[in-house]
Number of protein chains: 2
Amino acid sequence: MIAAKISGQSGTWVAPIATVDVVILKLTGKTLSVLLSRRAEEPAKDAWALPGSFIRSNEDRSLEDAARRTLASKAEAQSPYLEQLQTFGGPDRDPRGWSLTVAYFALLGRNAIDPPGSGRWFEIRKSGIDVDLPFDHKDILAAALDRVRRKVEYSSVPVHLLPDAFTLSELQEVYETLLERPLDKSAFRKKIAAMDFLEPIAGERRRGSNRPAQLYRARAAGELVLFDRLV
Amino acid sequence: MIAAKISGQSGTWVAPIATVDVVILKLTGKTLSVLLSRRAEEPAKDAWALPGSFIRSNEDRSLEDAARRTLASKAEAQSPYLEQLQTFGGPDRDPRGWSLTVAYFALLGRNAIDPPGSGRWFEIRKSGIDVDLPFDHKDILAAALDRVRRKVEYSSVPVHLLPDAFTLSELQEVYETLLERPLDKSAFRKKIAAMDFLEPIAGERRRGSNRPAQLYRARAAGELVLFDRLV
DNA sequence: TAAATAGTGTCTATCAGACATTATCTG
DNA sequence: CAGATAATGTCTGATAGACACTATTTA
């Protein structure tokens, strides 16, 4: 790699290295998990890290393209939710020099498939994950979790962590998992109904000797609905 | 400028051009205005555009540094609010090639000073601004306005558009301007009091033959307070 | 019919908004 | 005192949350 030189009023300097990184999240049971891949190259060779890629100017038509390309190489999902998170940059985050990464986060439904050799899922406990991340990937992961958890308060984020069809009890469980507090069933259902972003679909879910549950789906798959009040 | 070549699995490509752009906003009367500067260089020489700069790897310690440097060259404010907005990138947004810009927005208080020759303020009307912006700067401006207006619903954003000391009536007026709807005085004051992010300071504001108004200031200057309910 | 979960109804404290009233200043 | 804006009080409808109750299934 040849560093690009730029000349300006304050002298001559080198263009930053530009990458995208994707925080890929799904639920494993009641726990959020993040998909990490083992780095094949230096720096931090063999370390578990967030999946990332250089931005390829000969191939990518946009930043989101680059993120989708990175995501697609690691997981297949029917309608993954992908959102730009934040851009991180600085002289010290990568030993190769001044670098910036446009970070995205993706939410996968329960029926997502990971291709073989694509990486490993790490459960996110209160103490964090069981591995040290290179670069500033710990900060990026923290920012993604912060964003997701905050958005749960006023959006349909949890829908994207469920399969296409789900019950209201399942949806409530995901809200509770992410908010880390119990919700009242009656109040929850009133709010969800008022937001009007779900529709009942044919079929019921039976999972025991009890009344079966109605199945629902999101009206707009892959889209996020913002609420006009808080959960 | 020499383009950086990168080699990878999918061939050889060129590193993107990396810049920061800043959407600098303040209130002129009851209208939001944006600070534009006249471009000194090609491309789009002589056009009014968002203030921006290359990221200088020899000088900037972070992306925010680069944004603050750009902001400081255009305006002086006691405690400007600066927030990363979004990163825009693609092959066609700049004729020089694949480029990305990390966009920030800044909110200036009413007593901010613009150094001479720093640019011109353009009022933002419903129809937009009175000038065509080059590159994708129209999209960036729209994203900034969207973010600011959305955040008004659940944060102390309007405080940063006022001088250090202000009255509750002035604060309500800014909320109303940005939300484009009237608010009830009694309800507004109850909410602001509940959020507990203001403190009364010595002094009153007199502006007519009527009862003078108590002055307040934000407890944490330059900080944004997020509310736990909507305005 | 017992047990379990789904789904709904009822009650109440709280609160946002509408509106009225009081407070304080100048001319 | 009239007129203006600041500041606060009162009332009411809406609703979130607590909790109880009904519905529906299997063993």
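Letters go in sequence order (proteins before strands), and every chain restarts at 1.
The 5' end of DNA chain D is approached more closely, in terms of each residue's nearest nucleotide, by S209(B) than by the other of V231(A) and S209(B).
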Exercise for the section: Any chance you could lay out the side-chain hydrogen bond (donor to acceptor under 3.5 Å, both in side chains) test for Q214(A) and Y216(A), step after step, and finish with the verdict? Expected result: CA-CA 7 Å; Q214(A) 176 64 50; Y216(A) 290 83; 5.9 Å; no
Exercise for the section: Run the numbers on V159(B) and R217(B) for side-chain contact (heavy atoms from CB on, under 4.5 Å), then give the verdict. Expected result: CA-CA 8 Å; V159(B) 162; R217(B) 72 169 172 207; over 6 Å; no
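Nearest nucleotide to the K185(B) side chain, out of dA18(D), dG3(D), dT8(D): dT8(D). Nearest to the side chain of R207(A), among dT24(D), dG7(C), dT5(C), sits dT5(C). Nearest nucleotide to the P212(B) side chain, out of dT24(C), dG17(D), dG9(D): dT24(C).
With values rounded to the nearest 0.5 angstrom, D21(A) atom CG is found 10.5 Å from L85(A) atom CG.
Taking atom CZ on R205(A) and atom P on dA4(C), their separation rounds to 21 Å, with Å as the unit. The CG-C1' distance, from L230(B) to dC15(C), rounds to 14 Å in whole Å. Going from atom CG of D184(A) over to atom P of dT12(C) covers 17 Å, rounded to whole Å. Distance L215(A) CG to dA6(C) C1': 12 Å, rounded to the nearest Å. Taking atom CD1 on I192(A) and atom P on dG7(C), their separation rounds to 13 Å, with Å as the unit. Straight-line distance from the CD atom of Q214(B) to the C1' atom of dA6(D): 11 Å, rounded to whole Å. Following rounding to the nearest Å, R206(A) (CZ) and dA4(C) (P) show an atom-to-atom distance of 19 Å. Atom-to-atom, CG of N210(A) to C1' of dA4(C) comes out at 5 Å; the value is rounded to the nearest Å.
Between F227(A) and F197(A), the ring centre distance stays below 6.0 Å.
Counting atom types as modelled, K190(B) pairs a side-chain N or O with a base atom of dG17(C) as donor and acceptor under 3.5 Å. For S186(A) against dG9(C), a side-chain-to-base donor-acceptor contact under 3.5 Å is present.
Remark: R39(B) fails to qualify as a cation-pi partner of W48(B) under the 6.0 Å distance and 45° angle criteria applied to the six-membered ring.
Of the residues in residues 161-172 of chain A, not one places a heavy atom less than 4.0 Å from an atom of DNA chain D.
At least one side-chain nitrogen or oxygen of K191(A) sits closer than 4.0 Å to the OP1 or OP2 atom of dG17(D). Taking side-chain N and O atoms only, R189(A) has a distance below 4.0 Å to OP1 or OP2 of dG7(C).
Within the nucleic acid shown, A187(B) comes within 4.0 Å of at least one base atom, counting heavy atoms only.
Between the side chains of R205(A) and T167(A), no donor-acceptor pair is found at a separation under 3.5 Å.
Ion pairing of E204(B) with R206(B) is present here, as a side-chain N (NZ or NE/NH1/NH2) and a carboxylate O approach within less than 4.0 Å.
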